[in-house]
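Scroll down for the structure; my scribbles are underneath it.
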Amino acid sequence: ALWIEAEALRLTNVRASQMRRLGTPGPEGSTGKLHWADLNQRVYEFAVDLVRRTRPKTSDSPDWLKPLVAWGAGPRAVQYLVLGASGTYR
């Protein structure tokens with residue numbers, strides 16, 4: 001769902017850019033910024049949730065993972081997930 005929303009926002013930004021070039025800017029630019037901010041927040045929350053589930057001592061982690069992993073992903077994993085995704089959702 002996040003990817004679909006990001007793609008719709010990207011296409012909205014393409015349209016807003018075309019309209020600006022024609023000299024008729026519309027509300028797409030302003031609303032696009034608000035939607036990107038919201039989407040970015042949800043992507044960060046998803047990354048944090050994903051990393052949290054890799055930690056076997058939390059209730060969020062799946063049962064199949066607990067015997068296989070001793071510690072789980074660290075704080076940098078969230079940063080790397082977001083950085084890695086930034087080229088795909090923007």
Side-chain angles (χ1 to χ4, degrees):
L2 290 175
W3 182 86
I4 293 170
E5 203 170 327
E7 187 64 11
L9 283 173
R10 185 187 70 77
L11 294 172
T12 300
N13 282 344
V14 167
R15 179 179 174 185
S17 295
Q18 291 170 345
M19 297 299 284
R20 272 194 308 271
R21 276 188 241 125
L22 293 174
T24 55
E28 295 91 353
S30 298
T31 59
K33 289 177 188 176
L34 291 173
H35 288 293
W36 273 118
D38 178 58
L39 181 62
N40 282 334
Q41 182 65 36
R42 288 189 288 129
V43 167
Y44 297 142
E45 289 169 2
F46 179 76
V48 168
D49 185 51
L50 186 62
V51 167
R52 185 179 298 126
R53 289 173 188 259
T54 68
R55 297 187 179 151
K57 294 180 182 173
T58 65
S59 60
D60 293 338
S61 66
D63 291 333
W64 62 266
L65 179 82
K66 294 177 182 184
L68 302 173
V69 178
W71 174 251
R76 283 193 204 160
V78 173
Q79 295 170 346
Y80 289 128
L81 281 171
V82 171
L83 287 173
S86 65
T88 58
Y89 77 88
R90 275 207 173 175

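Here, residue 1 is the first one in the sequence, and each next residue gets the next number.
- The closest side-chain heavy-atom distance from Arg15 to Leu11 is not below 4.5 Å.
- Here the CD atom belonging to Gln41 is positioned 8.0 Å from the CG atom belonging to Asp38, to the nearest 0.5 angstrom.
- A 4.5 Å side-chain heavy-atom check between Val69 and Thr54 finds every atom pair outside the cut-off.
- Residues Val78 and Tyr44 are not in side-chain contact: their nearest non-hydrogen atoms beyond the backbone lie 4.5 Å or more apart.
- Taking each heavy atom of Pro67 and Asp63 in turn, the nearest pair found is CD-O, 3.3 Å.
- Atom CG of Leu34 and atom CG of Leu9 lie 10.5 Å apart (nearest 0.5 Å).
- Closest non-hydrogen pair, Val82 versus Ala47, comes out as CG2-CB, 4.0 Å.
- Between atom CG of residue Asn13 and atom NZ of residue Lys33 there is a gap of 9.5 Å, rounded to the nearest 0.5 Å.
- Side chain of Arg55 to backbone of Trp71: no donor-acceptor contact under 3.5 angstrom is found.
- Nearest heavy-atom pair across Arg53 and Leu65 is O-CD2, 3.2 Å.
- Listed here is the closest heavy atom pair of Pro56 and Ala70: CG-O, 3.7 Å.
- Looking only at side-chain heavy atoms (C-beta outward), Glu45 and Val48 stay at 4.5 Å or farther from each other.
- For Arg10 and Glu7, the salt-bridge test passes: some basic side-chain N is under 4.0 Å from an acidic carboxylate O.
- Around the CZ atom of Arg42, the shell of radius 6.0 Å holds more than 12 heavy atoms that belong to other residues, nucleotides or ligands.
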